[in-house]
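Residue indices begin at 1 and follow the sequence shown.
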Amino acid sequence: MNDVEFNLLDEPWVRVIRPDCSETELSLTDALLHAQDVEDLAGELPTQDVAVLRLLLAVMHAVFYRVDENGDEAPVEEAEDAYRRWKALWELGHLPQEPVRAYLERWRERFWLFHPEQPFGQVKSAGIGTEYSAAKLNGELSESGNKVRLFPVRSGAAKSALTYGEAARWLLYVNGFDDTSAKPKGKDLPSVGAGWLGKLGLITAKGTNLFETLMLNFVLLKDTDESVWEGVTPSWELPQARGAERVQIAMPDDQAALLTLQSRRLLLHRDGGRVTGYTVLGGDFFERKNAFFEQMTVWRPIIEKGSLMGYQPRRHDSARQMWRDFAVLAVQSDKRHRPGVVTWNLNLRDNGCLEDGRMMCCRIASVQYGDKDFFVSDVFSDSLMFHLELLTEAGEIWRTRVMDEIERCDRMAGVIGMLATELDIAAGGKGACEETAKEQFYYRIDVPFREWLTSLDPQQDGMEKEERLEAWRRTAERIAGELGRELVAGAGPAAFFGRMVKVKRGKEEKEIHYSAPEALNHFEYRMRKFN
């Protein structure tokens with residue numbers, strides 16, 4: 001077997017989807033230079049797509065933070081340079097071939113998946129790490145020796161080995177999203193911790209094709225003060241890849257370095273032209289608090305003794321639709337820090353790089369872990385589209401009204417939940433079905449709310465926006481009413497006749513009669529308050 005195999009610049013491994021909905025694999029070079037010809041990345045998981053996207057963006061930073069669209073040396077040194085560079089690339093409609101090819105050719109030796117000295121994304125020192133099979137490397141399975149999937153998506157030989165292209169994609173995924181099951185090999189080392197991407201509430205911007213998606217996430221300035229990044233040093237440009245286990249580093253003031261952060265020390269194992277497993281050690285990490293150089297995450301405030309102490313990345317909740325957290329995306333204030341990629345798109349619009357009236361599509365993707373991040377229990381994603389104008393000063397009034405409507409939906413869901421609780425108690429239960437009923441309500445209003453939000457253009461005539469708001473409200477009330485009556489109809493004979501239940505009210509204990517008719521009356525009374 002050759003010591004040197006599978007160069008990522010030449011071999012197809014980046015999965016993409018074409019405009020005709022067919023899927024194919026491209027080399028790293030072709031994925032960048034033909035990004036305008038494909039719709040999107042199409043990896044096995046949406047989280048894998050984020051890991052691949054970050055690699056593509058790191059190459060763009062390494063190239064275009066140093067040279068212009070013509071390949072002439074012109075480092076980005078101030079905000080004006082950044083906006084000019086970005087707009088020139090955007091107006092081309094594709095990435096220029098010469099500077100991209102020249103850069104990648106210069107670093108060709110660092111993109112071999114298998115290499116005796118510096119294999120891509122790997123270090124030889126990881127050979128002493130925790131050993132796993134290909135079934136664990138495959139994020140669709142994430143199956144270790146002591147945790148076998150009941151209904152695996154693969155079996156047999158397809159489960160025990162991966163092609164080099166598949167392994168390249170999952171290598172990036174594991175580096176970013178690995179769980180904490182690997183054991184430290186060195187003495188007195190802390191737990192490996194989840195990979196950096198697994199700690200985030202990942203959010204990216206989506207365009208009409210892969211080129212636009214890359215550009216909309218190509219953040220050339222800091223979101224805190226619009227200053228330039230400190231430097232450009234992707235992991236493959238380091239003289240020697242860092243190999244020490246579990247190293248705390250300073251937060252990278254460098255997007256190329258951050259996008260290629262080595263959260264893990266990895267080493268792939270191959271046999272007969274297939275990857276059969278890998279070994280892993282903990283890698284680089286840094287303090288999450290106020291890590292604002294990370295542009296692809298939502299944030300939550302850190303409150304201590306009533307005071308704001310900073311922010312840290314907030315993981316997504318798989319039980320919440322993305323629109324329910326609209327304020328986290330849209331609002332920048334003393335108590336909220338907007339995701340950097342959202343701020344960047346707004347700044348592009350304000351600086352004339354994006355046209356007025358443009359829609360913004362945000363996507364989230366996240367891994368859900370179990371038992372202190374010891375294993376992956378779920379992977380989920382969502383997206384949300386709205387007019388970018390909503391985030392401007394001109395859109396402030398309607399931005400506030402959107403958040404008011406979300407709060408109104410939450411109150412309506414609470415009314416549905418109270419009805420479900422009363423019906424369950426009337427039927428002899430303990431009122432433990434509130435959350436299920438609320439989830440049903442959110443599911444039913446999901447599409448109508450998204451349609452209303454998408455239609456909400458602050459530049460429209462005010463009367464038209466008011467009419468659409470009223471139409472949305474009537475729809476939400478109708479859906480809540482229909483769901484409430486369905487819950488009552490399905491409560492059964494026991495709930496219809498009801499029962500007496502002892503309930504504590506303050507210091508007193510009272511007997512209260514619960515029945516389906518009474519619960520329906522209470523529900524309709526509460527719903528009338530929304531009119």
Side-chain angles (χ1 to χ4, degrees), residues 1-8 13 48 51 54-55 58 109-139 141-145 160-199 233-249 252 257-271 274-286 373-376:
M1 188 177 295
N2 295 330
D3 288 340
V4 176
E5 271 193 295
F6 203 84
N7 195 290
L8 301 183
W13 66 278
Q48 183 197 85
R54 287 171 74 97
L55 173 63
E109 286 301 304
R110 298 295 177 86
F111 285 91
W112 290 102
L113 189 62
F114 297 102
H115 190 279
E117 298 302 326
Q118 290 189 305
F120 178 83
Q122 304 162 72
V123 289
K124 296 170 69 175
S125 61
I128 66 168
T130 304
E131 186 169 357
Y132 292 107
S133 69
K136 174 71 171 176
L137 179 64
N138 185 339
L141 290 170
S142 192
E143 181 179 293
S144 62
S160 60
L162 296 169
T163 67
Y164 288 168
E166 290 171 331
R169 295 193 295 272
W170 290 122
L171 177 73
L172 297 175
Y173 172 86
V174 168
N175 178 61
F177 294 98
D178 194 27
D179 56 36
T180 62
S181 59
K183 303 300 181 186
K185 299 300 179 181
K187 292 183 178 180
D188 301 322
L189 289 175
S191 163
V192 295
W196 174 243
L197 300 188
K199 296 174 181 177
T233 314
S235 60
W236 57 82
E237 288 192 15
L238 295 174
Q240 189 69 36
R242 286 194 287 268
E245 181 181 12
R246 198 70 173 131
V247 178
Q248 183 164 7
I249 63 173
L258 181 58
L259 292 167
T260 58
L261 178 74
Q262 300 299 289
S263 293
R264 292 291 185 268
R265 312 293 187 219
L266 294 156
L267 187 63
L268 298 177
H269 304 310
R270 55 183 166 150
D271 183 19
R274 310 274 285 185
V275 172
T276 56
Y278 69 107
T279 46
V280 59
L281 294 171
D284 299 333
F285 69 100
F286 53 86
D373 297 350
F374 194 70
F375 59 89
V376 173

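Between F120 and L8 there is a side-chain heavy-atom pair separated by less than 4.5 Å. By the 4.5 Å heavy-atom criterion applied to side chains, N138 and E166 are not counted as neighbours. Counting heavy atoms from C-beta on, the side chains of V174 and L266 come closer than 4.5 Å. Side chains of Y278 and W170 form no contact here, defined as non-hydrogen atoms less than 4.5 Å apart. You'll find the side chain of F374 reaches within 4.5 Å of the side chain of S181, heavy atoms only. Using a 4.5 Å cut-off on side-chain heavy atoms (C-beta onward), R54 and L197 make contact. Residues L258 and W196 meet the side-chain proximity criterion, which asks for heavy atoms closer than 4.5 Å.
Counting all heavy atoms, side chain and backbone alike, H115 lies closest to E117 at ND1-N, 3.0 Å. Summarising the geometry of D179 relative to R264, their closest heavy-atom pair is O-NH2, 3.0 Å, with the distance given to 0.1 Å. Nearest heavy-atom pair, P184 versus P190, reported as atom, atom and distance to 0.1 Å: CG-O, 3.5 Å. In terms of heavy-atom proximity, Y164 sits nearest to R270 at OH-CD, 3.6 Å. Closest approach of T180 and S191 over heavy atoms only: CB-OG, 4.0 Å. Of all non-hydrogen atoms in L238 and Q118, the two that sit nearest each other are O-NE2, 4.4 Å.
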(request) Dump the intermediate steps for side-chain contact (heavy atoms from CB on, under 4.5 Å) on L141 and K136, then the final yes or no. (result) CA-CA 6 Å; L141 290 170; K136 174 71 171 176; over 6 Å; no
(request) I would like to know whether E237 and R110 meet side-chain contact (heavy atoms from CB on, under 4.5 Å); could you show each step before the answer? (result) CA-CA 8 Å; E237 288 192 15; R110 298 295 177 86; 5.8 Å; no
(message) Walk me through whether I128 and R265 qualify under side-chain contact (heavy atoms from CB on, under 4.5 Å).
(response) CA-CA 10 Å; I128 66 168; R265 312 293 187 219; over 6 Å; no
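To the nearest 0.5 Å, atom CH2 of residue W112 and atom CG of residue D3 are 11.5 Å apart.
One N or O on the side chain of N175 and one on the backbone of S263 form a donor-acceptor pair closer than 3.5 Å. A donor-acceptor pair under 3.5 Å is formed between the side chain of R246 and the backbone N or O of V192. Between the side chain of Q262 and the backbone N or O of S235, no donor-acceptor pair lies under 3.5 Å. A distance-only check finds a donor-acceptor pair linking the side chain of Q122 to the backbone of L113 [under 3.5 Å]. With Y132 contributing its side chain and A182 its backbone, the two residues share a donor-acceptor pair below 3.5 Å. For S125 (side chain) and G243 (main-chain N/O), a donor-acceptor pair under 3.5 Å exists by modelled atom type. Judged by distance alone, with hydrogens and angles left aside, the side-chain atoms of T130 form a donor-acceptor pair with the main-chain N or O of K183 at under 3.5 Å.
Listed by chain and residue number, nothing satisfies the ring pair (Phe, Tyr, Trp, His ring centres under 6.0 Å) test with F285 (two or more places apart in sequence, or in another chain). Not counting sequence neighbours, the partners of W236 by the side-chain hydrogen bond (donor to acceptor under 3.5 Å, both in side chains) test are Y103.
Exactly one of T279, V275, T276, L162 qualifies for a side chain to side chain contact (heavy atoms under 4.5 Å, CB included) with L268. That residue is V275.
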